[in-house]
Amino acid sequence: MKEKVNLSIFISGGGSNAIQIIEFFKDNKQINIACLLSNNQQSGAEKIGKTYEIPYFIFSKLDWEIQHPIEKYLEEKSVDLIILAGFLKLIPKSLIHLFPNKIINIHPALLPKYGGKGMYGHHVHQAVKNAKETTSGITIHLVSEIYDEGPILFQKKCKINESDDAALIGKKVLELEHKYFSQVIENYIFKEFKKNGQIT
Ligand code: GAR
């Protein structure tokens with residue numbers, strides 16, 4: 001039996017969610033942040049990896065296309081669960097099959113609305129604003145083969161005022177992400193990995 005559940009965090013941007021997750025699990029003996037992966041040289045992956053002494057892999061377009069280098073790296077790091085924290089690439093079927101029900105994504109809106117291709121970051125908040133929504137929020141879900149449509153683990157709403165612009169909506173949503181994402185991950189790990197006896 002493994003004593004730890006190893007997490008890999010995938011990011012494309014600044015990585016503020018990744019930092020929250022790393023801080024949250026810092027002293028946890030059963031949950032370990034094994035590595036960071038990113039498709040983007042300009043992302044926070046290198047800085048965060050160096051700051052927290054977590055191995056990181058900034059992969060190329062070709063690495064992602066052929067997948068083998070990604071799979072090999074995850075295997076080397078004994079990764080059990082993948083966390084998509086602002087990762088903007090579509091997860092290929094091969095990776096979903098390697099990690100069935102073991103990839104968690106956070107989306108900055110209340111799915112099933114405002115999901116799908118092109119719906120990320122600022123675009124989501126602008127669409128919410130354009131539609132004159134009075135609420136937005138976060139969705140944390142398992143990744144399935146259909147973009148933004150896997151089983152939902154958690155949602156939380158926030159209120160939007162008429163005067164809020166897309167940036168302010170984004171700020172409110174990001175606050176929810178930072179507040180709830182790590183706890184939802186921990187709850188899922190206890191449910192999924194305890195059941196299989198992977199952790200006690
Ligand atoms: C977060 O708001 C996350 O929900 C969003 O990217 C941002 C990343 O911020 N993800 C998507 O839009 C995925 N469709 P961060 O790099 O500071 O954590």
Side-chain angles (χ1 to χ4, degrees), residues 5-18 20-22 24-25 31-40 43 45 56-59 61 63-75 77-121 123-124 127 136-156 173-174 176-178 180-193 195-196 198:
V5 175
N6 285 318
L7 269 55
S8 174
I9 307 178
F10 285 33
I11 67 172
S12 295
S16 70
N17 276 289
Q20 294 290 324
I21 296 165
I22 292 164
F24 186 89
F25 291 114
I31 299 167
N32 173 49
I33 311 300
C35 57
L36 301 171
L37 275 87
S38 184
N39 59 309
N40 180 7
S43 74
Y56 60 91
F57 175 27
I58 300 173
F59 56 81
K61 206 163 169 266
D63 290 337
W64 189 249
E65 268 163 31
I66 58 176
Q67 279 292 308
H68 175 66
I70 313 285
E71 292 169 5
K72 190 165 157 269
Y73 188 78
L74 295 173
E75 195 185 337
K77 302 289 176 217
S78 302
V79 169
D80 302 296
L81 184 69
I82 294 174
I83 308 298
L84 308 180
F87 184 68
L88 304 184
K89 286 197 124 11
L90 181 66
I91 303 297
K93 283 182 187 162
S94 54
L95 197 56
I96 296 171
H97 289 160
L98 269 182
F99 290 87
N101 293 323
K102 298 286 186 296
I103 308 178
I104 298 177
N105 181 45
I106 191 158
H107 188 77
L110 297 168
L111 292 174
K113 283 173 130 184
Y114 307 108
K117 206 169 163 23
M119 277 295 169
Y120 59 88
H123 300 286
V124 176
S136 190
I138 59 170
T139 303
I140 299 170
H141 66 98
L142 295 175
V143 172
S144 70
E145 288 183 17
I146 308 168
Y147 209 33
D148 286 339
E149 283 191 25
I152 291 174
L153 300 174
F154 179 85
Q155 288 188 305
K156 191 83 188 174
V173 169
L174 195 65
L176 291 180
E177 297 187 32
H178 291 171
Y180 292 104
F181 197 12
S182 304
Q183 189 60 60
V184 173
I185 294 168
E186 185 174 44
N187 293 348
Y188 186 73
I189 290 172
F190 281 135
K191 190 171 133 273
E192 273 305 299
F193 291 85
K195 190 173 72 188
N196 305 335
Q198 187 157 339

_Validation row: L74, L98 side chains within 4.5 angstrom (heavy atoms)_ = no

*Say whether, by atom type as modelled, one donor and one acceptor occur between the side chain of T139 and the main chain of L111 under 3.5 angstrom.*
yes

_Flag side-chain contact, heavy atom, 4.5 Å: N187 against F154_ = no

*Would you say the side chains of E145 and H97 form a donor-acceptor pair under 3.5 Å?*
yes

_Does atom CD (E65) have a neighbourhood of more than 12 heavy atoms from anything else shown, all under 6.0 Å?_
yes

*At what distance, to the nearest 0.5 angstrom, does NE2 of H68 lie from CD of E75?*
9.0 Å

*Rounded to the nearest 0.5 Å, what's the gap from CD1 on I189 to CD1 on I31? Could you check?*
4.0 Å

*Check whether any side-chain heavy atom of K102 lies under 4.5 Å from a side-chain heavy atom of V79, and answer yes or no.*
no

*Which atom names give the shortest non-hydrogen contact between A109 and Y114, and what distance separates them?*
CB-CB, 3.9 Å

*Look at the rings of F10 and W64 and say which category their plane angle falls in: under 30° parallel, 30 to 60° tilted, over 60° perpendicular.*
perpendicular

*For I11 and A45, which heavy atoms make the closest approach, and how far apart are they?*
CD1-N, 3.5 Å

*If you round to the nearest 0.5 Å, how far is CG of N6 from CD1 of I82?*
12.0 Å

*Please report the closest heavy-atom contact between Q67 and S94, naming both atoms and the distance.*
CG-OG, 4.0 Å

_Please give me the minimum heavy-atom distance between S136 and P108, naming the atom from each residue._
OG-O, 4.2 Å

*Return the minimal non-hydrogen interatomic distance between N17 and E177, and the atom names on each side.*
ND2-OE1, 2.8 Å

*Close side-chain approach of Y73 and D63, heavy atoms under 4.5 Å*: no

*Should L142 and Y188 count as side-chain neighbours, where that means a heavy-atom distance under 4.5 Å?*
yes

*Return the minimal non-hydrogen interatomic distance between L176 and K156, and the atom names on each side.*
CD1-O, 3.6 Å

*What distance separates S38 OG from Y56 OH, expressed to the nearest 0.5 Å?*
11.5 Å

*Determine, stepwise, if the pair I9 / I22 fulfils side-chain contact (heavy atoms from CB on, under 4.5 Å).*
CA-CA 9 Å; I9 307 178; I22 292 164; 4.2 Å; yes

*asked:* What's the separation between atom CD in Q183 and atom CZ in F24, rounded to the nearest 0.5 Å?
replied: 4.0 Å

*Answer yes if the side chains of N40 and S12 hold a donor-acceptor pair under 3.5 Å, and no otherwise.*
no

*Side chains of Q20 and Y180: closer than 4.5 Å at any heavy-atom pair?*
no

*Take atom OH in Y120; do more than 12 heavy atoms of anything else shown fall under 6.0 Å from it?*
no

*asked:* I need the I96 CD1 to I103 CD1 distance, nearest 0.5 Å.
replied: 5.5 Å

_Matching residue for I104 among V184, L153, L84 - test: side-chain contact (heavy atoms from CB on, under 4.5 Å)_ = L153

_Taking the side chain as everything from C-beta on, heavy atoms only, tell me whether F87 gets closer than 4.5 Å to N105._
no

